[in-house]
Amino acid sequence: MLNPQPDDETLAAIYGETYFIGSDEDSLLEQGNALKRGTAQLQLAEISAYIGARVAADTHPHMLEVGCGLGNFLLEAHAAGFDVQGIDVSTDAVATANAALGEDRARAGMLEEADFKAGQFDIIVLADVIEHVRNPKSFMQYVRTLLKPSGVVFIAVPSLDSLSARLMGRYWVEFKREHLFYFNRQTICQLLKDCGFQDITLSPGQKVLSLGYIIGHFKQFPVPLFTPALKVLERLLPRAPLSRPMQIVASGLNALARVPPHPGK
């Protein structure tokens, strides 16, 4: 964990309108959105395989994405037949998400302060979220209350087990002021078990990225040696290979788990 943690005012400043990579450069932001929709498709395929493809297609499960950002995952999930809602701390991001969706399916605020009802959702998605919360255990216990019996949680989180973490050591790109907790395969499983989830499955955190987007990430979150080297590479390479999408395992892992079918089980 990060100790001491930034105060609320500092975190609010971090999550401003320029938080998302490419926020000040339309072409990079557009590229980032397309890549995130590609990643969303991979994640939705995992979720559908876990709950059953027919269930996903036929029953329009009620899904909440926490930390919905600019709405890329919501767009893909809605197109895939899920009944979606989203919530994010950034009012700017929520406005963008709702504009993309064409209706107000996302709201701004903190999950614990929203008026969602107990047992309201079939699926809750936490992609790059759990590392940002101040108390992961109490947060996940609350998430559990919002899920129906047999409801499913999907988590994507940076992993200390990842190759990038081992290679970069203390310069790991995921060591950021807004990342308050860090997990590996063992601790994310333990967290889920402690919060009453079962049937836990883990998989490598595959994402769709481009070299240009990766370089943009290292520019926004500078890392000694890596950032200067990538800037040089960016100047040397033509535009086509920089923008070419590629499916890779980056820095994270994915976890799926479900609430027991009956309360207290």
Side-chain angles (χ1 to χ4, degrees), residues 14-48 63 65-80 82 84 86 88 90 92-101 106 125-132 154-159 162-165 168 172-174 176 178-179 203-223 226-227 229-231 233-235 237-254:
I14 291 171
Y15 299 131
E17 60 181 335
T18 60
Y19 181 67
F20 298 97
I21 295 170
S23 298
D24 55 353
E25 185 180 337
D26 289 344
S27 61
L28 185 56
L29 182 61
E30 184 178 343
Q31 180 190 159
N33 286 337
L35 295 170
K36 289 182 179 182
R37 288 195 292 273
T39 297
Q41 291 170 10
L42 297 177
Q43 294 170 338
L44 285 163
E46 283 198 47
I47 293 169
S48 295
M63 173 186 285
E65 185 190 9
V66 182
C68 64
L70 302 176
N72 292 294
F73 186 95
L74 293 178
L75 279 167
E76 293 299 323
H78 185 58
F82 293 91
V84 299
D88 198 281
S90 170
D92 297 300
V94 165
T96 300
N98 283 329
L101 288 160
V125 174
L126 309 169
D128 301 313
V129 167
I130 191 70
E131 66 271 24
H132 293 260
F154 172 84
I155 297 173
V157 64
S159 173
S162 66
L163 179 61
S164 66
M168 299 177 73
W172 189 33
V173 71
E174 298 295 347
K176 304 172 184 176
E178 65 270 31
H179 286 183
S203 63
Q206 295 192 59
K207 291 190 174 185
V208 177
L209 299 173
S210 69
L211 185 56
Y213 187 82
I214 292 169
I215 293 171
H217 189 280
F218 275 87
K219 284 181 178 178
Q220 184 157 332
F221 304 99
V223 176
F226 287 89
T227 298
L230 287 170
K231 285 182 177 180
L233 183 63
E234 182 182 34
R235 289 196 295 269
L237 286 176
R239 188 174 187 85
L242 286 171
S243 60
R244 185 176 298 126
M246 51 187 176
Q247 186 175 320
I248 65 172
V249 176
S251 299
L253 65 85
N254 296 341

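Keep in mind it's a predicted model, so treat the numbers as computed, not measured. Numbers here simply count residues along the sequence, with the first being 1.
- Residues E65 and V84 form no side-chain contact, since every pair of their non-hydrogen atoms from C-beta on lies 4.5 Å or further apart.
- Side-chain atoms of D88 do not come within 3.5 Å of backbone N or O of V94 as any donor-acceptor pair.
- The shortest non-hydrogen separation linking M63 to L44 is CE-CD2, 4.1 Å.
- Between L242 and E234 the shortest heavy-atom distance is CD1-O, 3.9 Å.
- Legend: residues meeting side-chain contact (heavy atoms from CB on, under 4.5 Å) with P245, ordered by chain and number and at least two apart, are L35, V208.
- For the pair N98 (side chain) and A106 (backbone), a donor-acceptor distance under 3.5 Å is present.
- Once rounded to the nearest 0.5 Å, the distance linking OG1 of T39 with CZ of F73 reads 10.5 Å.
- Applying the side-chain contact (heavy atoms from CB on, under 4.5 Å) criterion to V223, with sequence neighbours excluded, gives M168, Y171, V173, F218, F226, T227.
- Using a 4.5 Å heavy-atom cutoff, the side chains of I47 and V125 are in contact.
- Residues Q43 and A156 share a closest heavy-atom pair of NE2-CB, 3.9 Å.
- In this structure, the side chains of W172 and S164 come closer than 4.5 Å at one or more pairs of heavy atoms.
- Side-chain contact between N72 and E76 is absent, with no heavy-atom pair separated by less than 4.5 Å.
- Note on K36 versus D128: no salt bridge recorded, every NZ/NE/NH1/NH2 to OD/OE distance being 4.0 Å or above.
- Annotation for G69 and A97: closest pair O-CB, 3.8 Å, computed over non-hydrogen atoms.
- To the nearest 0.5 Å, atoms CG (L209) and CD1 (I214) are separated by 5.0 Å.
- Side-chain atoms of H179 and H132, non-hydrogen and from C-beta on, do get closer than 4.5 Å to each other.
- To the nearest 0.5 angstrom, N254 atom CG is 9.0 Å from L42 atom CG.
- In terms of heavy-atom proximity, G86 sits nearest to L74 at CA-CD1, 4.0 Å.
- The two residues P204 and E46 have their closest heavy-atom pair at O-OE2, 4.3 Å.
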